[in-house]
Amino acid sequence: MFYTSFRYLDDLCSLDNSLFHTYIKNIYPKELILLQSNNSDDKATFLDLDVQINNLHCTLKIYDKRDDFDFNIVIFPQLDGDVPSSPSYGIYLSQLIRFARLCNRVDDFHEQNSIMSRKLLKQGFLYHKLRKAFGKFYNRHFDLVKQFNSSLNNLIEGVYRIHISMGISSKRLKK
(Lines give C-alpha, C1' and ligand atoms only; values in the text may rest on other atoms or scores of the structure.)
Protein backbone atom coordinates (compact mmCIF):
# COMPACT_ATOMS: atom_id res chain seq x y z
CA MET A 1 0.00 0.00 0.00
CA PHE A 2 2.99 2.33 0.40
CA TYR A 3 4.79 1.34 -2.79
CA THR A 4 3.52 4.53 -4.44
CA SER A 5 4.60 6.79 -1.56
CA PHE A 6 7.63 9.06 -1.91
CA ARG A 7 9.38 11.35 0.52
CA TYR A 8 12.05 13.99 0.09
CA LEU A 9 13.02 15.91 3.23
CA ASP A 10 9.74 17.47 4.37
CA ASP A 11 7.73 16.71 1.21
CA LEU A 12 5.63 13.57 1.05
CA CYS A 13 3.57 12.16 -1.79
CA SER A 14 1.35 9.11 -1.43
CA LEU A 15 -0.48 8.12 -4.58
CA ASP A 16 -3.64 6.03 -4.61
CA ASN A 17 -3.32 5.13 -0.95
CA SER A 18 -6.69 5.41 0.75
CA LEU A 19 -5.25 4.03 4.01
CA PHE A 20 -2.50 6.60 4.34
CA HIS A 21 -4.39 8.79 6.82
CA THR A 22 -4.98 5.84 9.13
CA TYR A 23 -1.22 5.19 9.37
CA ILE A 24 -0.07 8.78 9.90
CA LYS A 25 -0.10 8.45 13.69
CA ASN A 26 2.14 5.35 13.42
CA ILE A 27 4.65 7.10 11.15
CA TYR A 28 4.91 10.65 12.48
CA PRO A 29 4.96 12.02 16.02
CA LYS A 30 1.85 13.89 17.15
CA GLU A 31 3.92 17.10 17.49
CA LEU A 32 4.47 17.17 13.74
CA ILE A 33 1.67 18.93 11.92
CA LEU A 34 1.07 17.52 8.42
CA LEU A 35 -0.55 19.79 5.89
CA GLN A 36 -2.29 18.43 2.83
CA SER A 37 -1.43 20.75 -0.04
CA ASN A 38 -3.58 19.30 -2.80
CA ASN A 39 -7.23 20.25 -3.09
CA SER A 40 -8.38 17.39 -5.30
CA ASP A 41 -7.77 13.68 -5.72
CA ASP A 42 -6.64 13.98 -9.32
CA LYS A 43 -4.14 16.86 -9.10
CA ALA A 44 -1.22 17.60 -6.81
CA THR A 45 2.20 19.19 -6.74
CA PHE A 46 5.23 17.39 -5.38
CA LEU A 47 8.68 18.99 -5.37
CA ASP A 48 8.90 20.60 -8.82
CA LEU A 49 6.22 18.45 -10.44
CA ASP A 50 2.59 19.15 -11.21
CA VAL A 51 0.91 15.74 -11.38
CA GLN A 52 -2.52 15.39 -12.96
CA ILE A 53 -4.51 12.21 -13.45
CA ASN A 54 -7.21 12.24 -16.07
CA ASN A 55 -8.96 9.07 -17.30
CA LEU A 56 -6.25 6.94 -15.64
CA HIS A 57 -3.56 8.81 -17.60
CA CYS A 58 -0.89 10.64 -15.62
CA THR A 59 0.38 13.97 -16.98
CA LEU A 60 3.57 15.44 -15.56
CA LYS A 61 4.66 19.01 -15.98
CA ILE A 62 6.86 21.51 -14.20
CA TYR A 63 5.70 23.26 -11.06
CA ASP A 64 7.68 26.19 -9.70
CA LYS A 65 6.26 27.66 -6.51
CA ARG A 66 8.06 30.92 -7.24
CA ASP A 67 5.47 31.46 -9.99
CA ASP A 68 2.81 31.71 -7.26
CA PHE A 69 4.34 34.92 -5.89
CA ASP A 70 2.94 38.25 -7.07
CA PHE A 71 6.38 39.74 -7.66
CA ASN A 72 9.18 39.07 -10.14
CA ILE A 73 12.08 36.87 -9.08
CA VAL A 74 15.36 36.91 -11.01
CA ILE A 75 16.55 33.33 -11.16
CA PHE A 76 18.94 33.43 -14.10
CA PRO A 77 22.08 35.55 -14.57
CA GLN A 78 21.99 38.98 -16.20
CA LEU A 79 24.41 38.97 -19.13
CA ASP A 80 25.03 42.71 -19.00
CA GLY A 81 27.23 42.30 -15.91
CA ASP A 82 30.54 40.54 -15.38
CA VAL A 83 29.07 37.06 -15.68
CA PRO A 84 30.81 34.93 -18.35
CA SER A 85 28.32 34.15 -21.09
CA SER A 86 29.33 30.56 -21.93
CA PRO A 87 28.42 29.03 -18.53
CA SER A 88 25.22 31.10 -18.55
CA TYR A 89 24.07 29.39 -21.74
CA GLY A 90 24.90 26.11 -20.00
CA ILE A 91 22.18 26.98 -17.48
CA TYR A 92 19.70 27.06 -20.35
CA LEU A 93 20.93 23.66 -21.52
CA SER A 94 20.61 22.12 -18.03
CA GLN A 95 17.06 23.46 -17.67
CA LEU A 96 16.08 21.96 -21.03
CA ILE A 97 17.31 18.59 -19.76
CA ARG A 98 15.22 19.05 -16.62
CA PHE A 99 12.12 20.01 -18.62
CA ALA A 100 12.48 17.01 -20.95
CA ARG A 101 12.87 14.64 -18.01
CA LEU A 102 9.84 15.96 -16.15
CA CYS A 103 7.34 16.87 -18.88
CA ASN A 104 5.60 14.05 -20.69
CA ARG A 105 3.70 16.25 -23.17
CA VAL A 106 5.39 18.34 -25.85
CA ASP A 107 3.06 21.31 -25.20
CA ASP A 108 4.19 21.47 -21.57
CA PHE A 109 7.83 21.24 -22.67
CA HIS A 110 7.23 24.12 -25.14
CA GLU A 111 5.55 26.20 -22.45
CA GLN A 112 8.43 25.79 -19.98
CA ASN A 113 11.04 26.43 -22.65
CA SER A 114 9.17 29.54 -23.77
CA ILE A 115 8.82 30.94 -20.27
CA MET A 116 12.49 30.39 -19.57
CA SER A 117 13.80 31.66 -22.90
CA ARG A 118 11.58 34.76 -22.65
CA LYS A 119 13.16 35.53 -19.26
CA LEU A 120 16.63 34.92 -20.65
CA LEU A 121 16.02 37.18 -23.67
CA LYS A 122 14.91 39.97 -21.33
CA GLN A 123 18.13 39.49 -19.36
CA GLY A 124 20.40 39.99 -22.36
CA PHE A 125 20.72 36.47 -23.76
CA LEU A 126 20.94 36.27 -27.55
CA TYR A 127 18.33 34.30 -29.47
CA HIS A 128 20.77 32.75 -31.93
CA LYS A 129 22.91 31.46 -29.03
CA LEU A 130 19.85 30.05 -27.28
CA ARG A 131 18.87 28.36 -30.52
CA LYS A 132 22.38 26.94 -30.90
CA ALA A 133 22.26 25.64 -27.31
CA PHE A 134 18.86 24.08 -28.05
CA GLY A 135 20.40 22.27 -31.03
CA LYS A 136 23.15 20.91 -28.77
CA PHE A 137 20.53 19.78 -26.29
CA TYR A 138 18.51 18.03 -29.01
CA ASN A 139 21.51 16.20 -30.46
CA ARG A 140 23.18 15.27 -27.17
CA HIS A 141 20.01 14.29 -25.34
CA PHE A 142 17.84 12.82 -28.06
CA ASP A 143 16.97 9.96 -25.70
CA LEU A 144 15.01 12.52 -23.64
CA VAL A 145 13.45 14.34 -26.60
CA LYS A 146 12.30 11.32 -28.61
CA GLN A 147 9.22 10.97 -26.38
CA PHE A 148 7.82 14.13 -28.02
CA ASN A 149 7.97 12.66 -31.56
CA SER A 150 9.14 16.00 -32.93
CA SER A 151 12.04 17.01 -35.10
CA LEU A 152 14.51 19.68 -34.04
CA ASN A 153 12.87 22.20 -36.40
CA ASN A 154 9.38 21.43 -35.05
CA LEU A 155 10.52 21.92 -31.46
CA ILE A 156 12.24 25.20 -32.31
CA GLU A 157 9.23 26.39 -34.33
CA GLY A 158 6.91 25.51 -31.43
CA VAL A 159 8.81 27.83 -29.11
CA TYR A 160 9.11 30.48 -31.83
CA ARG A 161 5.30 30.46 -32.36
CA ILE A 162 4.73 30.85 -28.61
CA HIS A 163 7.13 33.81 -28.49
CA ILE A 164 5.30 35.53 -31.34
CA SER A 165 1.95 34.98 -29.58
CA MET A 166 3.47 36.52 -26.42
CA GLY A 167 4.37 39.67 -28.29
CA ILE A 168 8.10 39.12 -28.59
CA SER A 169 8.89 40.56 -31.99
CA SER A 170 10.26 38.33 -34.71
CA LYS A 171 12.95 40.98 -35.28
CA ARG A 172 14.29 40.45 -31.76
CA LEU A 173 14.13 36.66 -32.15
CA LYS A 174 16.24 36.71 -35.30
CA LYS A 175 19.15 38.55 -33.70
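This is a predicted model, so every value here is computed, not measured.
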Problem - Hydrophobic cluster membership, Ile53 vs Phe46, 4.5 Å side-chain cutoff - result: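 Each belongs to a different hydrophobic cluster.
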
Handout entry: Residues Lys61 and Asp107 bridged, charged N to O under 4.0 Å
Key =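 Result for this pair is no, no salt bridge flagged.
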
Problem - Asp48 and Lys65 ion-paired at < 4.0 Å - result: no

Calculate, to the nearest 0.5 Å, the distance between atoms [atom1] and [atom2] belonging to [X] and [Y] respectively.
| X | Y | atom1 | atom2 | value |
| --- | --- | --- | --- | --- |
| Arg105 | His57 | CZ | NE2 | 8.0 Å |
| Phe134 | Leu96 | CZ | CG | 6.0 Å |
| Leu32 | Ile27 | CG | CD1 | 11.0 Å |
| Ile62 | Asp108 | CD1 | CG | 9.0 Å |
| Lys119 | Gln95 | NZ | CD | 10.0 Å |

Heavy-atom closest pair, residues [X] and [Y]:
| X | Y | result |
| --- | --- | --- |
| His110 | Leu155 | CE1-O, 3.2 Å |
| Met116 | Phe99 | CE-CE1, 3.5 Å |
| Ala100 | Leu144 | CB-CB, 3.8 Å |
| Leu126 | Leu121 | C-CD2, 4.3 Å |

Practice task
Compute the ring centroids of Phe142 and Tyr138, then answer whether they are less than 6.0 Å apart.
Solution key: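 Ring centres of Tyr138 and Phe142 closer than 6.0 Å.
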
With a 3.5 Å distance limit and no angle check, can you tell me whether [X] reaches the backbone of [Y] through a side-chain donor-acceptor pair?
| X | Y | value |
| --- | --- | --- |
| Ser114 | Gln112 | no |
| Asn104 | Cys58 | yes |
| Asn139 | Gly135 | yes |
| Gln147 | Arg101 | no |
| Tyr28 | Tyr23 | no |

Measure the shortest side-chain to side-chain distance between [X] and [Y] over non-hydrogen atoms and say whether it is less than 4.5 angstrom.
| X | Y | result |
| --- | --- | --- |
| Leu60 | Cys103 | no |
| Asn154 | Ile156 | no |
| Leu34 | Ile24 | yes |
| Val145 | Leu152 | no |
| Tyr63 | Leu49 | no |

Exercise for the section: Applying ring pair (Phe, Tyr, Trp, His ring centres under 6.0 Å), run through Tyr92 and Phe125 and close with a yes or a no. Expected result: CA-CA 10 Å; Tyr92 174 63; Phe125 283 69; 7.9 Å; no

Exercise for the section: Verify the neighbour count for atom CG of Asn26: are there more than 12 heavy atoms of other residues, nucleotides or ligands below 6.0 Å? Expected result: yes

